[in-house]
Amino acid sequence: MLAISARIELASKDIAAYIAAAQSIIEPTHAEPGCHLYAIAVDINLPNVIWITEQWENDEALLAHLGMPHIVDFMAFCGTVEITGMNVIRYDLSAVGPLVLPEA
């Protein structure tokens, strides 16, 4: 399993358009083979920052995702907005499970 965490900072003038475009890729991405999690959120402290969180079964599923028409179209759209900062991190996961909090 692998995970992706992306932080995308946009010019304030482009945030609404980015959110509208991003909404169109959620449902088809959830239907892709190997997708365990795909979520996009606005940072509550920095409204021009978007967080994308993904979990994929393997590299093949992620690479297939990146070639899907809805993602290719979305990436083309991203070239039309002003992205002022971006940091994307890929994690290889050896184990996944719930977080158990210690009892007080």
Side-chain angles (χ1 to χ4, degrees):
M1 173 125 18
L2 59 106
I4 307 292
S5 176
R7 181 188 186 275
I8 301 166
E9 187 173 338
L10 296 144
S12 296
K13 66 180 176 58
D14 291 324
I15 193 71
Y18 184 94
I19 290 169
Q23 287 175 330
S24 71
I25 66 172
I26 300 295
E27 187 175 330
T29 297
H30 286 166
E32 293 175 34
C35 178
H36 292 270
L37 172 69
Y38 194 83
I40 300 176
V42 177
D43 191 304
I44 63 171
N45 291 316
L46 300 167
N48 66 316
V49 171
I50 301 291
W51 289 94
I52 302 176
T53 304
E54 308 175 36
Q55 289 180 2
W56 294 94
E57 185 65 33
N58 52 38
D59 285 316
E60 292 78 15
L62 175 60
L63 290 175
H65 162 70
L66 295 173
M68 292 288 181
H70 58 278
I71 297 301
V72 171
D73 291 347
F74 180 71
M75 296 303 287
F77 163 80
C78 287
T80 70
V81 296
E82 185 180 351
I83 296 175
T84 59
M86 181 167 31
N87 186 27
V88 181
I89 300 172
R90 178 189 185 280
Y91 300 90
D92 284 313
L93 307 176
S94 61
V96 177
L99 173 65
V100 178
L101 298 174
E103 293 186 31

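Numbers here are sequence positions counted from 1. Quick caveat: nothing in here was measured; it's all calculated off a predicted structure.
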Grouping I, L, V, M, F, W and Y whenever their side-chain heavy atoms are under 4.5 Å apart, do Ile50 and Ile26 come out in a common cluster? yes
Where Asn58 and Leu2 come nearest, the two heavy atoms and their spacing: C-CD2, 3.4 Å
For Glu82 and Asp14, the nearest pair of non-hydrogen atoms, with its separation, is N-OD2, 2.8 Å
Taking all heavy atoms of Ala61 and all of Pro33, pick out the closest pair and write down the distance. CB-O, 3.7 Å
Backbone of Glu9 reached by a side-chain donor or acceptor of Asn48 within 3.5 Å: no
State, to 0.1 Å, how close Val88 and Ala6 come at their nearest heavy-atom pair, and which atoms those are. CG2-CB, 3.9 Å
Heavy-atom distance under 4.5 Å between the side chains of Glu54 and Thr29, does that happen here? no
Treat each ILVMFWY residue as a node, draw an edge where side-chain heavy atoms are under 4.5 Å apart, and state whether Leu37 and Ile4 are in one component. no
Quick one, Tyr38 and Glu32 - any side-chain contact, counting heavy atoms below 4.5 Å? no
Hey, any chance Val49 and Val42 share a hydrophobic cluster, counting ILVMFWY side chains that come within less than 4.5 Å of each other, even indirectly? no
Would the number of heavy atoms belonging to other residues, nucleotides or ligands and lying under 6.0 Å from CG of Leu66 be above 12? yes
Can you check whether Leu46 reaches Arg7 side chain to side chain, under 4.5 Å on heavy atoms? yes
If hydrophobic clusters are built from ILVMFWY residues whose side chains come within less than 4.5 Å, do Ile15 and Trp51 share one? no
Starting at CD1 of Ile71, measure out to SG of Cys78 and round the result to the nearest 0.5 Å. 9.0 Å
Mind checking who shares a hydrophobic cluster with Val96, ILVMFWY linked at side-chain heavy-atom distances under 4.5 Å? Met1, Ile89, Tyr91, Leu93
What is the minimum heavy-atom distance between Cys35 and His30, and which atoms define it? SG-CA, 4.2 Å
Is it true that Met86 and Ile25 fall in one hydrophobic cluster, defined by side-chain heavy atoms closer than 4.5 Å? yes
Parallel under 30°, tilted from 30 to 60°, perpendicular over 60°: which one fits the rings of Phe77 and Tyr18? tilted
Ala11 to Thr84 - nearest heavy-atom pair and separation: N-CG2, 4.0 Å
